[in-house]
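Here the structure comes first, spelled out in structure tokens, and everything after it is commentary.
Below, read A as the first sequence line, B as the second, and so on, with proteins coming before strands; counting in each chain starts at 1.
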Protein chains: 2
Amino acid sequence: MSTKTETRKEEIIRVAAKLFKDKGYSAVTMRDLAAEMGIKAASLYNHITSKQTILQEIIIAIAEEFTQGMNEIIRNDANTIERLKQIIGLHVRIAIDNADGLAALNSDWMHLENKLDYYLELRQNYESNFLSVINKGIDNNEIKQINPDVLMFSMLSTLRSLYLWIPKKGAINQEELSNALSLILIEGINI
Amino acid sequence: MSTKTETRKEEIIRVAAKLFKDKGYSAVTMRDLAAEMGIKAASLYNHITSKQTILQEIIIAIAEEFTQGMNEIIRNDANTIERLKQIIGLHVRIAIDNADGLAALNSDWMHLENKLDYYLELRQNYESNFLSVINKGIDNNEIKQINPDVLMFSMLSTLRSLYLWIPKKGAINQEELSNALSLILIEGINI
DNA sequence: AACACAAACTAACAATTGTTAGTTTGCTCC
DNA sequence: GGAGCAAACTAACAATTGTTAGTTTGTGTT
């Protein structure tokens, strides 16, 4: 690890993400979170400012990670199949090192309040880039002529569900999972 | 329609499903639900017995619909590709005629309390049948040699997300969507 | 020994939660 | 016009919610 040791605040956020994953943001109380940390609810507020900002910090960090990853993929000059594989790799990587956070992003983004518009903007941008990769691939005859919306929906559905699946498998090989998914998601559309 | 006109209880459950879809079970209050119905919260209890049973009725009905549909597919003697298409059709059909309920099933099943074990049993059964269809297809050389778990996960992820996608499209042709999905989900694994 | 400071604590708050009890309203049928 | 009944209402409850204020504890530094 290159990061220094976890601060108390980071620890709270990490534990919160785990609880959010199991019961959802709304069903987790500050007393639940405190109990899991082994302290009283009021003590949490020495480190964080509100329940709401915990959710924001979890989700926005991941959303920006996706945005940055997609930007790098768009910026490079790989072909379509290669880019689709990079997108799969991006999702697998993030899902493996922050499955709990991803759960919150997928299930509780609608409770973001302040940061909701910003989140939706990032997501819209991400999907728009994804779609342009697919469209370019179709135009260039690199992939089959398939309804681009349905294709993106199908791929994204699988990739967004990764967090549900990864914890079930023991030590997963990131490379291996990436390849297995590429096979299933891409082989069928490859020309 | 073959069913008689909706009872007040059914109307409450339908409206509840819509609210659950938007905010999640825990975030919807009985006062929210009452307001949407144009009445006071206490009045709801003339028709339903608790918030919890509303959730149960929504989810269990759908889960049993899936169970029954899968049983019919298992019982018939179609080949593997045909059966996979039938499974896709089953999901599309249910998603189209009860998108809101499906949202609750997918997002709020963990709040089922009493009925949680029963739900998990139905789901386990469903997935076990799904997997056996895939495994038989591999054994008989009807589909490619792919990791069966990854394949089922990928297909189920897409099918389970249908409810998110269907409302966006205007009047969707059930047949059409079924076929487009079959193309994407099956063409790649067909031999 | 005194200080500084992070991090825990106790006590309390105002608001919101699901739900119950008992009452009123309005329609239908004799 | 009165009986029956579904479906709304008002009022209230005990519990739980996120959060604040002020205080204590413990550890390391001067």
Side-chain angles (χ1 to χ4, degrees), chain A residues 3-60 100 104 107-116, chain B residues 3-60 100 104 107-116:
Chain A
T3 51
K4 43 178 152 177
T5 64
E6 196 178 43
T7 67
R8 198 77 171 126
K9 175 178 175 178
E10 288 165 344
E11 193 184 352
I12 290 174
I13 291 179
R14 177 174 53 79
V15 171
K18 190 182 81 182
L19 296 186
F20 291 169
K21 176 189 179 176
D22 289 335
K23 309 173 51 179
Y25 172 74
S26 302
V28 173
T29 71
M30 295 303 276
R31 285 166 181 83
D32 291 337
L33 177 52
E36 192 75 12
M37 294 289 300
I39 60 179
K40 299 288 176 178
S43 306
L44 293 169
Y45 289 84
N46 286 322
H47 308 281
I48 53 98
T49 64
S50 70
K51 187 188 180 189
Q52 173 62 207
T53 64
I54 293 179
L55 185 70
Q56 290 176 6
E57 297 205 32
I58 292 172
I59 293 182
I60 298 298
D100 295 341
S107 307
D108 289 314
W109 58 267
M110 69 284 278
H111 300 119
L112 273 178
E113 301 181 6
N114 281 324
K115 291 280 174 39
L116 178 57
Chain B
T3 50
K4 42 179 152 176
T5 65
E6 196 178 41
T7 68
R8 198 77 171 127
K9 175 177 175 178
E10 288 164 344
E11 192 183 353
I12 290 174
I13 291 180
R14 177 174 52 79
V15 170
K18 191 181 83 185
L19 296 185
F20 292 168
K21 176 189 179 175
D22 290 335
K23 310 175 50 179
Y25 172 74
S26 303
V28 174
T29 72
M30 295 304 276
R31 285 166 182 82
D32 290 338
L33 176 53
E36 192 76 12
M37 293 289 301
I39 60 179
K40 300 287 176 179
S43 306
L44 293 169
Y45 290 83
N46 285 323
H47 309 281
I48 53 98
T49 64
S50 70
K51 187 188 180 190
Q52 174 61 206
T53 63
I54 294 179
L55 185 69
Q56 290 176 6
E57 297 206 31
I58 292 172
I59 293 182
I60 298 298
D100 296 339
S107 307
D108 289 313
W109 58 267
M110 70 284 278
H111 300 119
L112 274 178
E113 301 181 6
N114 279 325
K115 291 280 174 42
L116 178 57

Open item on the list: Please find the pair of heavy atoms, one from B:Leu112 and one from B:Gln56, that lie closest to each other, and give the distance.
Closed with: O-NE2, 3.4 Å
Task: Side-chain N or O of B:Lys40 closer than 4.0 Å to phosphate OP1/OP2 of D:dA8 - done: no
TODO: Please tell me which of A:Thr29 and A:Ala42 maps to the more 5' nucleotide of DNA chain D, matching each residue to the nucleotide holding its nearest heavy atom.
DONE: A:Thr29
- [ ] Can you tell me the distance, in whole Å, between the NZ atom of A:Lys51 and the P atom of D:dT19?
- [x] 8 Å
Open item on the list: Please report the distance, rounded to the nearest Å, between CE in B:Met30 and C1' in D:dC13.
Closed with: 16 Å
TODO: Let me know the distance between CE of A:Met37 and P of C:dA8, rounded to the nearest Å.
DONE: 7 Å
Open item on the list: Given 3.5 Å as the limit, does a donor-acceptor pair link the side chain of B:His111 with the main chain of A:Lys23, or not?
Closed with: yes
TODO: Take atom CD1 of A:Ile48 and atom C1' of C:dA7, then tell me their distance rounded to the nearest Å.
DONE: 14 Å
Task: Nearest-nucleotide comparison on DNA chain C, the residue closer to the 5′ end among B:Val28 and A:Arg31 - done: A:Arg31
Open item on the list: If I take atom CD1 in residue A:Ile39 and atom P in nucleotide D:dT25, what distance separates them, rounded to the nearest angstrom?
Closed with: 18 Å
Task: Side-chain N or O of B:Ser43 closer than 4.0 Å to phosphate OP1/OP2 of D:dA7 - done: no
Task: Under-4.0 Å side-chain N/O to phosphate OP1/OP2 contact, B:His47 with D:dA6 - done: no
Task: Shortest non-hydrogen contact from B:Leu55 toward B:Ala104 - done: CD1-CB, 4.5 Å
- [ ] Check if the side chain of A:Asn46 and the base of C:dA8 share a donor-acceptor pair of N or O atoms closer than 3.5 Å.
- [x] yes
TODO: Measure from CD on B:Glu6 to C1' on D:dA7 and round the result to the nearest Å.
DONE: 16 Å
Open item on the list: Test your reading of the model: is there a side-chain donor-acceptor pair from B:Lys115 to the backbone of B:Glu57, 3.5 Å cut-off?
Closed with: no
Task: Spacing of B:Ile54 atom CD1 relative to C:dG18 atom C1', expressed in whole Å - done: 11 Å
- [ ] Ignoring hydrogens and angles, tell me if any N or O in the side chain of B:Thr29 forms a donor-acceptor pair with the backbone of B:Asp32 under 3.5 Å.
- [x] yes
TODO: Find the distance B:Tyr45:OH to C:dA21:P and express it as a whole number of Å.
DONE: 13 Å
Task: side-chain N/O A:Arg8 vs C:dA8 OP1/OP2, d < 4.0 Å - done: yes
